[in-house]
Amino acid sequence: MQGDRSSATQRRPLLWMALVLLVVVLLAMLIWLAGRYEVSQIQNRLERDAADVAADVRAVFMRNSQSLQALPDGQANAAAWSAEAAAMLRQRRELVRIERRDPALRLLAQVDTPFRAPVFDRLGRDVAQAEFAQACTTARRHNGAAYASSYFAPSMDGLGVEVMDLCIPLETGGRLGAYLVATYSLHEVLGNLATGPHTRGYEMAFTEGDGTRLAMRVLPRRGNRVFTAQHLLDLPGTNLVLRLDSWRGTPDLFPNVLTALVAAMSLALLSVMALLGKDARRRLKAERDLADALAFRKAMEDSLVTGLRARDLQGRITYVNPAFCLMVGFRFEELLGHGIPAPYWPPEFVGEYQQRQAIRMAGNLPPREGYESVFMRKDGTRFPVLIIEAPLINAQGQQAGWMSAFLDISEQRRIEELSRTSQDRLQATARLATVGEMASLLSHELNQPLAAISSYATGSLNLLQQDGDVGPGLRADMALAMQRIAQQAERAGKVIKSVHDFVRRRDQARAPIAPQALLDDIFPLINLQARKLSVRVQIELEPDLPPVICDGTMVEQVLLNLARNAMQAMDHGAVVDRLLRIQVGRVRGAGAERWIEFRVSDLGVGIAPEVQQQLFTPFFTTKDEGMGLGLSLCRTVVEQHGGAMVFEPNQPQGTLFRFTLPVAPAQHQPDLSD
Ligand code: ADP
């Protein structure tokens with residue numbers, strides 16, 4: 001796939017270059033074709049105009065020849081002829097001379113144009129004799145007007161004009177009476193036409209067959225390219241070639257609107273292409289970024305140890321990551337699209353999980369901190385998982401399903417179990433240590449009842465050994481002694497039982513217990529030590545305290561530890577008032593209805609600042625025979641119950657330890673009676 005992509009990346013610039021090349025060639029061709037079309041348009045118009053001009057010239061010649069024929073008869077009325085001819089010359093500037101000649105071509109009469117010096121001044125008329133004679137012969141033959149070849153007539157001022165003669169035979173009574181010879185100035189012919197609609201902007205000339213210009217009308221040149229059209233003017237007796245030249249500003253890149261249009265469109269096309277190219281580049285970049293992001297996501301997913309699973313709103317699996325597959329032992333394909341019940345649900349929990357799903361699908365958000373559940377691997381083994389679920393919101397902002405993260409917490413569970421066991425063992429050890437300490441107290445305490453029992457027993461025996469009747473007095477004494485013995489034995493039994501109860505390891509069991517009951521249980525044990533250390537014990541309980549929910553044995557040990565520490569702190573010569581106070585009451589301020597506070601205070605030596613730092617550190621002790629486990633265990637126990645333990649200086653002296661325990665929920669409270 002990588003290779004495909006890189007070869008596509010290499011090919012892309014080539015494709016673009018080919019596209020640009022094609023477009024450039026296409027555009028160049030379009031411009032060239034447009035130019036050519038324009039040129040041919042100009043040429044066509046020129047050709048048409050040339051034909052029109054030629055027609056105009058022909059019309060002028062035709063009209064003039066008719067007018068000439070209509071001149072009055074010169075023989076009968078020479079003066080009228082001259083006057084008419086002169087008038088005609090004034091009107092038609094292209095005619096420079098009109099002559100009347102007899103059939104032998106001798107000059108009978110002549111009129112010259114008033115607009116210029118007579119044409120034949122310089123060389124005389126006879127030099128052109130051959131031309132018009134030829135024309136007259138032709139005219140005679142065709143019995144109509146005929147034209148002679150043009151020729152140059154130099155004038156006195158050194159210039160000259162190209163002229164052409166026209167010969168019209170005039171007949172009177174079916175016989176040739178005379179010839180009318182009119183001379184055209186070809187230059188004037190062109191000049192007269194210049195004002196016509198077809199001639200504007202053209203350079204016009206009459207030329208010979210080889211292109212030699214005979215007469216021309218010159219215009220100021222515009223542009224540097226010439227378009228030429230020639231038209232043959234076929235006149236009776238001779239031919240003239242009319243040539244039209246049009247000067248244009250070519251070659252020009254934009255010779256006309258069409259080309260400009262094409263060019264503009266090409267530019268537009270090129271800009272669109274540039275924009276497309278830019279867009280394509282942007283897309284390419286976005287594609288690349290997306291691919292990077294995907295690769296990043298994939299790497300992230302693969303490296304995760306957290307299982308991820310997405311489900312649609314119907315509960316079908318739409319996605320699982322490798323970690324999840326590894327966790328449950330199913331392959332990706334086996335899980336994808338799988339609905340409810342999922343293959344990793346233990347069959348015994350299917351009902352419960354389905355219910356949970358229904359609640360979830362109803363739109364209830366799961367707890368943010370997650371919840372615990374049990375899954376089953378493909379091989380059937382169960383394992384605990386922590387599931388954190390969140391709604392899956394799509395790009396439109398609508399919920400498309402659920403995204404869940406899974407943590408396999410079996411290892412965590414194992415460690416917790418391990419630490420709980422070791423904690424339990426530690427606590428048992430601590431208890432035993434306390435018991436060891438107590439054993440000496442116990443022997444001291446048991447001495448009293450045992451001594452009393454022994455003395456009562458000795459007394460009773462003495463009474464029995466007395467001689468004489470066993471009177472009612474003796475019986476009463478015996479009964480009293482026996483009663484005392486029983487009392488003392490019971491007392492010793494109680495002392496032993498309290499120690500036994502304390503030492504006996506019980507499973508952790510939390511139950512609602514009245515604070516009073518807790519204190520009652522440990523009171524004899526506290527008393528044992530108190531008596532030895534001459535400490536007064538004062539117990540104060542707020543009235544109507546609700547039961548606390550706790551593990552009684554553990555909390556008793558906490559109280560016992562605190563009381564013992566307090567009494568030991570007062571076992572000092574300096575301490576005069578040895579008072580141990582144990583108070584139980586509601587917490588002041590917020591949470592009063594939920595927490596009960598136990599306070600154990602002494603009037604002892606207090607705690608030095610450097611000791612305070614390490615007070616709760618396991619195995620920290622300042623006592624020779626101490627183990628340093630008491631307080632650290634106390635705090636652990638209290639915290640396991642959700643409470644907190646703190647200490648502060650007591651007034652006027654000594655230390656005050658406080659800890660809290662949760663009040664049993666209301667529904668537990670009636671249980672107290674049993
Ligand atoms: P141990 O009692 O075995 O030394 P603890 O963890 O119960 O272990 O106590 C740690 C230390 O905290 C004690 O050694 C003592 O110095 C100090 N201590 C505990 N309670 C008090 C108290 N009420 N007054 C003064 N010091 C105390």
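On a predicted model such as this, the values are computed, not experimentally measured, just so you know. Whatever order the structure lists them in is the order used to number ligands and atoms, beginning at 1.
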Checklist entry - Salt bridge or not for Asp292 and Arg288, using N-O below 4.0 Å? => result no
Item to check | Contact residues of ligand 1 (heavy atom under 4.0 Å), by chain and number | outcome: Arg564, Asn565, Ala566, Ala569, Asp602, Gly606, Ile607, Leu615, Phe620, Thr621, Thr622, Lys623, Gly626, Met627, Gly628, Leu629, Gly630, Leu631, Thr655, Phe657
Next on the checklist: Between Ser601 and Arg581, is there a side-chain donor-acceptor contact under 3.5 Å, judged purely by atom types and distance?
Outcome noted: no
Next on the checklist: Does either side chain, that of Thr660 or that of Glu597, offer a donor lying less than 3.5 Å from an acceptor on the other one?
Outcome noted: no
Item to check | 4.5 Å side-chain heavy-atom contact, Gln614 and Thr622 | outcome: no
Checklist entry - Parallel under 30°, tilted from 30 to 60°, perpendicular over 60°: which one fits the rings of Phe616 and Phe647? => result tilted
Checklist entry - Tell me, do Met570 and Leu580 make a side-chain contact under 4.5 Å, heavy atoms counted? => result yes
